[in-house]
Structures are given as structure tokens and as C-alpha cells.
Amino acid sequence: MQSQDQLFLICAHFLESECIKRIEPLTSGHINDTYHIVSEKDEYVLQRLNTHVFNNYISLIQNKVTISNYIKKFYNKNGSPYKTITVIKTKGDSFYLENNDSIWILMHYIRESQVFYKAPNKDVVFEAGKLYGNFTYATTSVDCSKISEILPDFHSVPLRLKQFEKALKLASNKRRKASQSWIDLINNYRRSMCELWKLKENNTLPRRITHNDTKLSNILFSKTDPVKGLAVIDLDTVMPGLVHFDFGDSIRSICSTATEDDDNLNKVSINLDYYNAFCMGYANETKNILTPLEISYLPLGVQTLIFIMGLRFLTDFLNNDTYYKTDYQLHNLVRASNQFTLFNSVIENLDSIKTITKQNFQL
């Protein structure tokens, strides 16, 4: 965490003619540090990129600027009520490099907005489906070849399994023993969970622009009308991929009956009412652009993304917590247990999930 004096100096590279009044930390995700900046003229979001995770930061920022500019033009042309992020430049670049180590980005703050970390009702879930569906719709015409793949194989189950196997070999007996039930689950489903990635590698499904971090808190909602979505934010991981990545990750984070850190596994299951609401909103924006084959594989996307997240959390636990920020010793094991419990719930309710999907997309 940076000191206030350091943060003021960093802001000066972007806002040299503005007087900064205050700087407040925003709730951080697993990877980056984020701050709310209030100047005498405007409000901003300052973000420090984790260069250990995002070593190809030039491409990341180029993607971010390209996609946000494209969406802004699309919204202006089509009279959309939604907003998108605006990246602010320094004198020469869209970022500031501090001591050849930390990469800082400044964006305009979207006022009168709020985020939800857990959906309060079906109306918010429906609106989340619309916003993420609209992101897919708004970027349909983007040439994927001009957007860099900043995290190659990010959703590759085969790669995640290799990382898991390596971590398992090097793990302490204590951590391995604590993980055993989930190790067994991984081995039971490892083949079926590779199917979606194989479809991608074989070009069976269309490549589209994907957000790749479609949790509920990456949507801004109106403070005055809480069921009105304003914008999709956090475009750090935008790159070409399958819509199933975004759809599946949304369901993982939005349609669970518990937060991903909840250690009471009896509370964790798939909320089918929320799934229906999200699916309805998402289909409202995408049913005329997604192919029937893409739609038929959306339930597999749900299974796969939950499986991947559980796999990543468990791998980090076996690696002694080197990737994700943790608050206590068993934090990553709790997260993994939570995700694999959600995965089991999806498997148990798969027939209902498939029926709901078909009904909303009118297949």
C-alpha cells in the first residue's frame, strides 16, 4: 500500500494542473490496488497494476484504451444509456511507470454509482445479465486479431491442471491432506472439464471479445435507482475468447447463494431463480448474435468456469498462497471448497439449468 505522499506525486503525472483534495482506497480485488481521487475539478479512479500478474502491461493498456474507445463510439452512435471507462493520459502515455516497477492508470470516476458484492434481488441480477450481454453485443464487430491476448491460456483447463499437478507434487503433506476431497473431485471431472477448451482450440465456436472478470462488482449501478446498471468496468483482462468464459464467470459470482469466501458450505448452492434472471437479461442483449451452438454450450461454460476457479484457488493453497491475496492461513482452501461445492450444486441442477437456458434463448 502506497503512502498518501506517494499517491499525490503519482496523481501529479496525470493531473499536474489540478489540486488533489483527497485520496481514499477503494475495496481492492485479488490482484490490483485501487484508489478514489477527488480533485478540485473532478473525480477519478487510480489503479496500480500488479506487474507480476500482468507483465505484458503495454498490451493490456492498449486493449483497455481500444475497447473503451470503441464502446464509447458504439454507445454514442446507438444512443445507449450505458457508460464506459475513460483512460486519462499523462503527457505522453496512458500510464505512469513508477521506478520501473509499478504501473499506474488513471480513469474518470463515474459519479452517483455503487457496486454490489452480492446481489440483493433478481432485478439487479437481470440488469447484470443485460450489462454483460450488452458488452458482448457492443464489441461484436471488433476485429479480435487487433486485440492482444494478454493472459494466454487464461481459461485453459489443461494448463490449470498442469499447474495443479505441479503444486500437488511440491505441496506439504498437511496441505495435501487438507485438500484430498477436492483432489478427488478434480480427478473425477478433469476430462469433461477440458471439453470447452478443446472446442476453442479447434475453432468450433466463434472468437469474440471477452471481459474475463465478469463478477457483479465489475458493474456500476445507479445510487438513485439501484436496479439501473450504468457501466461495465475493469477492462484489465479484455481479450479474444469465448462468450462462455464471461457467461460462466458471471453465474459463478452472481448466482451463488453465498459469497466465494463463505466458509459455511451448507449455504453454498446455485440460485436457479437468479440463474433465470441473469439468463433472461443476457439473452435480451445477445440472442440475435450468438449462434445456436454457442447457446447450447452455455451450461458447460457455467460448470467449466466454476471448476477453473476452484482449481486455481486450490493450486494456490497447495503452493502456500503465492498468487492471491489472503486474509488468513486457510483462506484459499476455503475459497476452493466454496467453489467446488457450488460446482457440485450446478451438476445436481444441470437439467434445470439447460431448460432455463433454452427457454430464455427461445431454442
Side-chain angles (χ1 to χ4, degrees), residues 116 118-133 136 155 157 181-182 184-186 188-197 199 204-205 214-216 219 227 242-260 262 264-311 335-363:
F116 296 108
K118 192 174 188 303
N121 54 57
K122 288 190 291 185
D123 292 334
V124 166
V125 175
F126 171 79
E127 189 71 2
K130 281 185 65 179
L131 263 291
Y132 279 129
T136 299
H155 293 305
V157 177
S181 62
W182 306 126
D184 293 341
L185 181 145
I186 290 166
N188 286 339
Y189 287 97
R190 58 190 302 136
R191 175 175 285 187
S192 60
M193 289 300 99
C194 289
E195 183 180 356
L196 191 60
W197 188 256
L199 292 169
T204 305
L205 298 168
T214 49
K215 57 192 176 188
L216 185 61
I219 294 176
V227 297
L242 302 181
V243 293
H244 308 79
F245 300 156
D246 282 359
F247 184 84
D249 203 30
S250 291
I251 302 306
R252 180 191 74 80
S253 74
I254 298 171
C255 299
S256 174
T257 54
T259 62
E260 73 177 22
D262 200 322
N264 184 350
L265 301 184
N266 292 324
K267 292 169 59 177
V268 181
S269 64
I270 186 74
N271 185 326
L272 292 178
D273 288 338
Y274 277 17
Y275 181 80
N276 181 57
F278 185 91
C279 205
M280 189 183 302
Y282 194 82
N284 187 72
E285 301 290 320
T286 63
K287 62 186 176 185
N288 293 326
I289 61 171
L290 298 187
T291 67
L293 189 63
E294 282 179 294
I295 295 167
S296 70
Y297 278 109
L298 289 175
L300 179 60
V302 175
Q303 299 167 66
T304 304
L305 267 291
I306 298 171
F307 183 84
I308 287 174
M309 207 65 235
L311 188 59
R335 289 164 170 162
S337 302
N338 180 298
Q339 293 301 288
F340 286 131
T341 301
L342 181 61
F343 176 83
N344 280 333
S345 178
V346 168
I347 297 297
E348 291 168 4
N349 290 279
L350 195 53
D351 288 342
S352 296
I353 288 170
K354 289 179 177 178
T355 298
I356 292 168
T357 308
K358 288 179 180 179
Q359 289 173 343
N360 280 293
F361 281 93
Q362 301 173 352
L363 286 184

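On a predicted model such as this, the values are computed, not experimentally measured, just so you know. Residues take their numbers from the sequence shown, with the count starting at 1.
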Q) Taking Thr304 for the side chain and Gly301 for the main chain, is one N or O donor matched with an acceptor at less than 3.5 Å? A) no
Donor-acceptor pairs under 3.5 Å, side chain of residues 276-286 to any protein atom, not counting sequence neighbours: which ones?
unit_1, atom_1, unit_2, atom_2, d
Asn276, OD1, Asn360, ND2, 3.0
Tyr282, OH, Thr136, OG1, 3.4
Glu285, OE1, Asn134, ND2, 3.2
Thr286, OG1, Tyr282, O, 2.8

Q) Between Val302 and His244, is a side-chain contact (heavy atoms from CB on, under 4.5 Å) present by the stated rule, with each step listed? A) CA-CA 7 Å; Val302 175; His244 308 79; over 6 Å; no
Q. So among Thr257, Thr259, Asp262, which one has a side-chain contact (heavy atoms from CB on, under 4.5 Å) with Lys118?
A. Thr259
Q | Nearest-0.5 Å distance that lies between atom OG1 in Thr355 and atom CG in Leu350 | A | 9.5 Å
Q.
So Phe247 and Leu305, do their side chains get closer than 4.5 Å, heavy atoms only?
A. no
Q) Side chains of Ile219 and Tyr132: closer than 4.5 Å at any heavy-atom pair? A) yes
Q. Considering only heavy atoms from C-beta outward, does the side chain of Leu311 approach that of Met193 to under 4.5 Å?
A. no
Q: Apply side-chain contact (heavy atoms from CB on, under 4.5 Å) to the pair Val243 and Glu294, showing each step before the final yes or no.
A: CA-CA 8 Å; Val243 293; Glu294 282 179 294; 3.8 Å; yes
Q: Tell me, please, which residues at least two apart from Ser352 pass side chain to side chain donor-acceptor pair (under 3.5 Å).
A: none
Q. Any side-chain heavy atom of Val157 within less than 4.5 Å of one from Leu196?
A. no
Q. Does the pair Asn121 and Val227 meet the rule for a side-chain contact (heavy atoms from CB on, under 4.5 Å), with working shown?
A. CA-CA 9 Å; Asn121 54 57; Val227 297; 4.2 Å; yes
Q. Going by distance alone, is a donor N or O of one side chain under 3.5 Å from an acceptor N or O of the other, for Ser345 and Ser269?
A. no
Q) Taking only residues two or more places apart in sequence, or in another chain, which ones meet Tyr275 in a side chain to side chain donor-acceptor pair (under 3.5 Å)? A) Thr357
Q | Euclidean distance, Leu205 CG relative to Leu290 CG, rounded to 0.5 Å | A | 10.5 Å
Q: First locate atom OH of Tyr297, then atom CG of Leu242, and finally report the distance between them rounded to the nearest 0.5 Å.
A: 11.5 Å
(Q) Give me the atom names and distance for the closest heavy-atom approach of Ala258 to Lys267. (A) CB-O, 3.8 Å
Q. For Phe343, what residues pass the ring-ring contact (aromatic ring centres under 6.0 Å, His included) criterion, not counting sequence neighbours?
A. Tyr189, Phe307
Q) When rounded to the nearest 0.5 angstrom, what distance separates CD1 in Ile347 from CD1 in Ile306? A) 8.5 Å
Q | Nearest non-hydrogen partners of Ile353 and Val346, listed with the distance | A | CD1-CG1, 3.8 Å
Q. So do the side chains of Ile186 and Phe340 get within less than 4.5 Å of each other, counting heavy atoms only?
A. yes
**Q.** Between CG on residue Leu293 and OG1 on residue Thr204, distance to nearest 0.5 Å
**A.** 7.5 Å
Q) Among all residues two or more places apart in sequence or in another chain, which pass the side chain to side chain donor-acceptor pair (under 3.5 Å) test with Asp249? A) Arg252
Q. CG/Leu265 to CD/Gln339 distance, rounded to the nearest 0.5 angstrom?
A. 11.0 Å
**Q.** Nearest heavy-atom neighbours spanning Leu300 and Ser192
**A.** CD1-O, 4.4 Å
Q: Please identify each residue that fulfils side chain to side chain donor-acceptor pair (under 3.5 Å) with Ser256, with sequence neighbours left out.
A: none
Q: For side-chain contact (heavy atoms from CB on, under 4.5 Å), just list the numbers for Asn344 and Leu185, CA-CA rounded to whole Å, side-chain angles, deciding distance to a tenth of an Å, and then say yes or no.
A: CA-CA 9 Å; Asn344 280 333; Leu185 181 145; 3.4 Å; yes
